[in-house]
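Since the model is a prediction, treat every value here as computed from it, not as a measurement.
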Amino acid sequence: MKRDIRYLLEAIFPDAQQLRKLGFTQKESRIFFDLIKGSSTYEIARRLDISHTEVRRIKNQRFHLIPTFLNRKLNFFDGLHPAHLNRQLNELSHFLQQLTERTRQISTLEVRSMALSTKTINALVAFNIRDTATLCRYSEEELRQVRHIGDKAILEIKQCLQEMNLSLKT
């Protein structure tokens, strides 16, 4: 039984970083990972250059978190019903399709239809920037090189793009 639990823990926590996600400190993660792998508290204390009692104290204080974590994971999977999960996946798929379509529409929006000043629009079109997808490929520095585009126009462009959840190249 003890060996089966050890194999289960090794499968769930293949490295100490998994334990860090549970809220363990780096030292605690190292100690528990070594305990899961079967190291004795004396070996761990010697390897980490800390006292044996410190290792035992950490083990006694924090070891209960591993079964608690495992119970939470198992309860999560027990609570999922295939029909409910399938419905959630369909809703997520539908949402992603709508989001993709909206993103495509925004990225192909013409510069002329953006809420920019006429001077800014004319400067962008003269520089052959005709849609938002092309505009987003430019950085602020590159746009400063465009004739009639200054700080005020760049601020205007950034605000307009931000309203559409877009931005200039960084």
Side-chain angles (χ1 to χ4, degrees), residues 8-34 36-37 48 58 61-62 64-170:
L8 176 65
L9 289 174
E10 285 176 357
I12 294 172
F13 304 109
D15 58 30
Q17 291 302 318
Q18 296 292 327
L19 291 165
R20 295 288 308 258
K21 293 177 184 176
L22 286 176
F24 286 75
T25 65
Q26 187 171 359
K27 181 169 41 170
E28 291 170 342
S29 298
R30 186 73 252 151
I31 289 170
F32 277 106
F33 184 68
D34 289 344
I36 289 169
K37 291 295 184 184
L48 297 177
I58 290 172
Q61 285 180 348
R62 302 286 283 189
H64 68 279
L65 290 178
I66 293 175
T68 302
F69 171 76
L70 293 176
N71 281 333
R72 280 190 204 150
K73 289 291 185 188
L74 291 174
N75 289 339
F76 172 76
F77 288 114
D78 284 344
L80 292 178
H81 299 289
H84 178 70
L85 185 59
N86 192 28
R87 187 180 69 230
Q88 285 185 323
L89 288 174
N90 285 336
E91 289 173 5
L92 180 61
S93 176
H94 181 67
F95 173 74
L96 289 174
Q97 286 173 349
Q98 287 178 332
L99 187 62
T100 303
E101 178 61 26
R102 174 82 175 120
T103 304
R104 189 186 62 74
Q105 288 172 353
I106 288 174
S107 68
T108 58
L109 184 67
E110 287 189 23
V111 171
R112 292 188 189 279
S113 62
M114 293 174 66
L116 298 171
S117 67
T118 305
K119 180 183 174 186
T120 304
I121 290 172
N122 290 339
L124 291 171
V125 170
F127 197 70
N128 207 22
I129 299 175
R130 301 193 187 286
D131 57 36
T132 53
T134 307
L135 179 60
C136 290
R137 290 189 207 126
Y138 287 89
S139 67
E140 285 184 43
E141 293 76 29
E142 292 169 330
L143 285 177
R144 280 190 195 356
Q145 305 303 317
V146 176
R147 188 172 179 198
H148 301 297
I149 298 284
D151 292 337
K152 185 177 175 184
I154 288 177
L155 182 62
E156 181 184 14
I157 291 168
K158 286 173 61 176
Q159 286 175 344
C160 189
L161 288 174
Q162 187 177 14
E163 289 173 6
M164 295 185 284
N165 293 325
L166 298 172
S167 65
L168 295 173
K169 182 175 85 173
T170 55

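Between the side chain of Gln145 and the backbone N or O of Glu142, no donor-acceptor pair lies under 3.5 Å.
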Where do Val111 and Thr132 land on the side-chain contact (heavy atoms from CB on, under 4.5 Å) test, with the steps shown first? CA-CA 6 Å; Val111 171; Thr132 53; 5.6 Å; no

Would you sort out whether Thr134 and Asp131 count as a side-chain hydrogen bond (donor to acceptor under 3.5 Å, both in side chains), showing the intermediate values? CA-CA 6 Å; Thr134 307; Asp131 57 36; 2.7 Å; yes

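Taking every heavy atom of both residues into account, Glu156 and Ala115 meet most closely at OE2-O, 4.3 Å.
To the nearest 0.5 Å, atom CG of residue Asp151 and atom NZ of residue Lys158 are 10.0 Å apart. Here CG of Asn122 is found 15.0 Å from CZ of Phe127. Values are rounded to the nearest 0.5 Å. How far NZ of Lys119 is from NZ of Lys152: 8.0 Å, rounded to the nearest 0.5 Å. Rounding to the nearest 0.5 Å places CG of Leu124 at 12.0 Å from NE2 of His148.
When each of Leu168, Leu166, Ile129 is checked for a side chain to side chain contact (heavy atoms under 4.5 Å, CB included) with Cys136, only Leu166 meets the rule. None of Ile121, Ile157, Leu161 except one satisfies the side chain to side chain contact (heavy atoms under 4.5 Å, CB included) rule with Met114; the exception is Leu161.
Counting heavy atoms from C-beta on, the side chains of Glu110 and Arg130 never come closer than 4.5 Å. Inter-residue side-chain proximity for Gln159 and Ile154 is flagged as unmet; no heavy-atom pair is nearer than 4.5 Å.
One finds a salt bridge joining Arg144 and Glu140 here, because a Lys/Arg side-chain nitrogen approaches an Asp/Glu carboxylate oxygen to under 4.0 Å.
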